[in-house]
Amino acid sequence: MKVRAGAIAVLSGILFSAMVGGVCAGDGNTGNAGKGKTLYANLCIRCHGVEGKGNGVMTFTPPVADLTAPAAQSKLDATLLKTIHDGRKNTAMGAWKFVLTDEEIRDVTAYIRVLGTGANRTLP
Ligand code: HEC
């Protein structure tokens with residue numbers, strides 16, 4: 001019994017570090033935030049605003065999401081990617097799959113993470 005518990009602890013340790021490694025170090029699917037910034041400026045800024053706070057020049061009901069808020073930043077990349085890809089029904093958030101490649105959607109998602117840290121001002 002003791003041995004089995006130990007094995008489980010070791011296994012979950014390995015699993016956990018694999019998960020953290022995947023999220024933090026990137027798994028080859030991490031977008032380029034620099035490219036994402038350009039895409040964001042051209043396509044998203046008019047609604048989401050310079051800082052991503054949902055205070056762009058265009059306003060809507062339901063309101064534009066604050067991309068820097070925990071509500072957005074706590075979501076997994078995969079969830080943000082899906083929203084950008086497919087849009088949100090009955091809101092102003094359109095489906096960008098018709099405009100952006102999967103790689104570009106990853107790039108712009110990487111930039112949303114930068115907006116979340118406030119480090120966007122130091123990006124080239
Ligand atoms: C025409 C205005 C408009 C444009 C342009 C726009 N969005 Fe949005 N976006 C919205 C609105 C409105 C919502 C909130 C939808 C809702 O209520 O669910 C939203 C929601 C989102 C969300 C979901 C946030 C969350 O908390 O789940 C993401 C991610 C997002 N937008 C990214 C983008 C990106 C990236 C672009 C540019 C490629 C973009 N948006 C362009 C209006 C816009």
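Remember, it's 1-based here, ligands and their atoms both numbered in the order they're listed.
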Asker: Identify the heavy atoms of Gly31 and Ala110 that sit nearest to each other, and give their distance.
Answerer: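 Looking at all heavy atoms of both residues, the shortest contact is O-CB, 3.5 Å.
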Asker: Which protein non-hydrogen atom lies closest to atom 23 (C) of ligand 1, naming both residue and atom, and how far is it?
Answerer: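 Minimum-distance protein heavy atom for atom 23 (C) of ligand 1 reads Thr83 CG2, 3.6 Å.
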Asker: Counting from 1, what ligand 1 atoms have a heavy atom of Ile84 closer than 4.0 Å?
Answerer: 29 (C), 32 (C), 35 (C)
Asker: When you compare the side chain of Leu39 with that of Tyr111, does any pair of heavy atoms fall below 4.5 Å?
Answerer: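 Sidechains of Leu39 and Tyr111: no contact.
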Asker: Search all heavy atoms of Leu115 against all heavy atoms of Val50 and return the closest pair with its distance.
Answerer: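 That would be CD2-O, 3.8 Å.
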Asker: What protein heavy atom sits nearest atom 28 (C) of ligand 1, and how far off is it?
Answerer: Leu67 CD2, 3.5 Å
Asker: Could you identify the single nearest non-hydrogen protein atom to atom 7 (N) of ligand 1 and state the distance to 0.1 Å?
Answerer: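 Its nearest protein heavy-atom neighbour is His48 NE2, 2.8 Å.
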Asker: What protein heavy atom sits nearest atom 18 (O) of ligand 1, and how far away is it?
Answerer: Arg88 NH1, 2.5 Å
Asker: Among protein heavy atoms, which lies nearest atom 33 (C) of ligand 1, and at what distance?
Answerer: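 Here the closest protein heavy atom is Met93 CE, 3.2 Å.
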Asker: Nearest protein heavy atom to atom 37 (C) of ligand 1, by residue and atom, and its distance?
Answerer: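 Looking only at protein heavy atoms, the one closest to atom 37 (C) of ligand 1 is Cys44 SG, 1.9 Å.
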Asker: Of all the heavy-atom pairs spanning Ile84 and Met93, show the shortest one and how long it is.
Answerer: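 Between these two residues, the closest heavy atoms are CA-CE, 3.8 Å.
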Asker: Could you tell me whether ligand 1 has any atom less than 4.0 Å away from a heavy atom of Pro63?
Answerer: yes
Asker: Indicate the atoms forming the closest heavy-atom contact of Ile112 with Gln73, along with that distance.
Answerer: O-NE2, 2.9 Å
Asker: Using a strict threshold of under 4.0 Å (side-chain N to carboxylate O), is an ion pair present between Asp102 and Lys97?
Answerer: no
Asker: Indicate the atoms forming the closest heavy-atom contact of Asp66 with Ala72, along with that distance.
Answerer: O-CB, 3.7 Å
Asker: Tell me if the CG atom of Asn90 is crowded by more than 12 foreign heavy atoms within 6.0 Å.
Answerer: no
Asker: In the protein, what heavy atom is nearest to atom 15 (C) of ligand 1, and what distance, to one decimal place, separates them?
Answerer: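 For atom 15 (C) of ligand 1, the nearest protein heavy atom is Thr91 OG1, 3.6 Å.
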Asker: Would you say Lys75 contacts ligand 1, with heavy atoms under 4.0 Å as the rule?
Answerer: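 Yes.
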Asker: Give the minimum heavy-atom separation between Glu104 and Val99, together with the two atoms involved.
Answerer: OE1-O, 4.1 Å
Asker: Could you tell me, atom by atom, which parts of ligand 1 come under 4.0 Å of a heavy atom of Ala72?
Answerer: 26 (O)
Asker: Report, in ascending order of atom number, the atoms of ligand 1 lying under 4.0 Å from any heavy atom of Val108.
Answerer: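 Near Val108, meaning under 4.0 Å from one of its heavy atoms, ligand 1 has 35 (C).
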Asker: Please write down residue, atom name and distance for the protein heavy atom closest to atom 5 (C) of ligand 1.
Answerer: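 Nearest protein contact, heavy atoms only, for atom 5 (C) of ligand 1 is Leu43 O, 3.3 Å.
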